[in-house]
Amino acid sequence: DTCQKLRTDYVSFCIRRLARTDTCNRSKCHKALRKFFDRVPLQYTHELLFCPCEDMACAERRRQTIVPICSYETKEKPNCLTSLDTCMKNFVCRSRFVA
C-alpha cells in the first residue's frame with residue numbers, strides 16, 4: 001500500500017507536463033524518486049530493479065519506472081557556449097580548462 005502510493009506519487013510528478021514549457025518539473029521528479037527509494041523496503045525495490053522481463057512491454061515499463069524520461073531529458077539541449085559559461089563559473093572546472 002505504501003509502496004504503491006509512493007510509486008504513484010513519483011510517476012505523477014515525472015509524467016506531468018508544465019503548461020508553459022511542455023516539460024516536466026525535473027527537480028520534483030528527482031525528489032519523488034529519492035523519496036520512493038528511501039522509503040520503500042529494499043526487498044521491494046530490488047525486485048523492481050532486478051526482476052526479469054519476458055517481453056519488450058515489460059522491459060519498457062520497468063525502464064520508465066526506474067528511469068523516467070523526465071529525470072534526465074530536457075527539451076532544450078545546452079550549446080557549447082552554455083557549457084563553457086557554466087564551466088567558467090565553477091572553480092574546479094575553470095582551473096582545469098584554463099590550465
Side-chain angles (χ1 to χ4, degrees):
D1 189 38
T2 300
C3 177
Q4 184 60 39
K5 182 194 177 316
L6 290 167
R7 184 181 180 280
T8 301
D9 286 349
Y10 90 72
V11 167
S12 70
F13 278 116
C14 293
I15 64 170
R16 186 180 305 146
R17 298 284 181 201
L18 302 174
R20 287 179 283 120
T21 61
D22 193 36
T23 59
C24 65
N25 187 326
R26 186 185 294 168
S27 63
K28 285 188 178 183
C29 176
H30 285 175
K31 184 177 181 179
L33 278 168
R34 280 191 302 274
K35 183 177 175 182
F36 175 80
F37 283 104
D38 285 345
R39 294 189 179 175
V40 173
L42 283 177
Q43 70 188 60
Y44 300 118
T45 56
H46 281 178
E47 285 181 24
L48 179 66
L49 294 170
F50 301 112
C51 67
C53 281
E54 300 295 323
D55 59 20
M56 289 302 292
C58 170
E60 181 59 20
R61 275 192 311 274
R62 186 174 66 188
R63 188 192 68 71
Q64 282 292 341
T65 296
I66 298 167
V67 187
I69 288 175
C70 174
S71 70
Y72 65 89
E73 191 173 84
T74 60
K75 187 172 183 175
E76 293 181 20
K77 305 295 182 208
N79 64 32
C80 60
L81 295 176
T82 304
S83 298
L84 176 62
D85 187 47
T86 302
C87 179
M88 291 311 209
K89 291 177 181 175
N90 179 285
F91 174 75
V92 175
C93 183
R94 183 177 60 244
S95 67
R96 291 180 179 162
F97 181 77
V98 177

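The figures that follow rest on heavy atoms only: side chains count, while hydrogens, waters and symmetry mates do not.
The heavy-atom pair separating R94 from K89 by the smallest distance is NH1-C, 4.1 Å.
Note: D9 CG to L33 CG = 11.0 Å, rounded to the nearest 0.5 Å. Note that SG of C14 and CZ of R26 are 10.5 Å apart. Values are rounded to the nearest 0.5 Å. With rounding to the nearest 0.5 Å, the separation of CE in M88 from OG in S83 is 12.0 Å.
When the side-chain hydrogen bond (donor to acceptor under 3.5 Å, both in side chains) test is applied to S12, no partner is found at least two apart in sequence or on another chain. A search for side chain to side chain contact (heavy atoms under 4.5 Å, CB included) contacts involving N90 returns V92, C93, not counting sequence neighbours.
Residue-environment remark: CD (E54) stays at or below the threshold of 12 foreign heavy atoms within 6.0 Å.
No side-chain donor-acceptor contact under 3.5 Å links T82 and D85.
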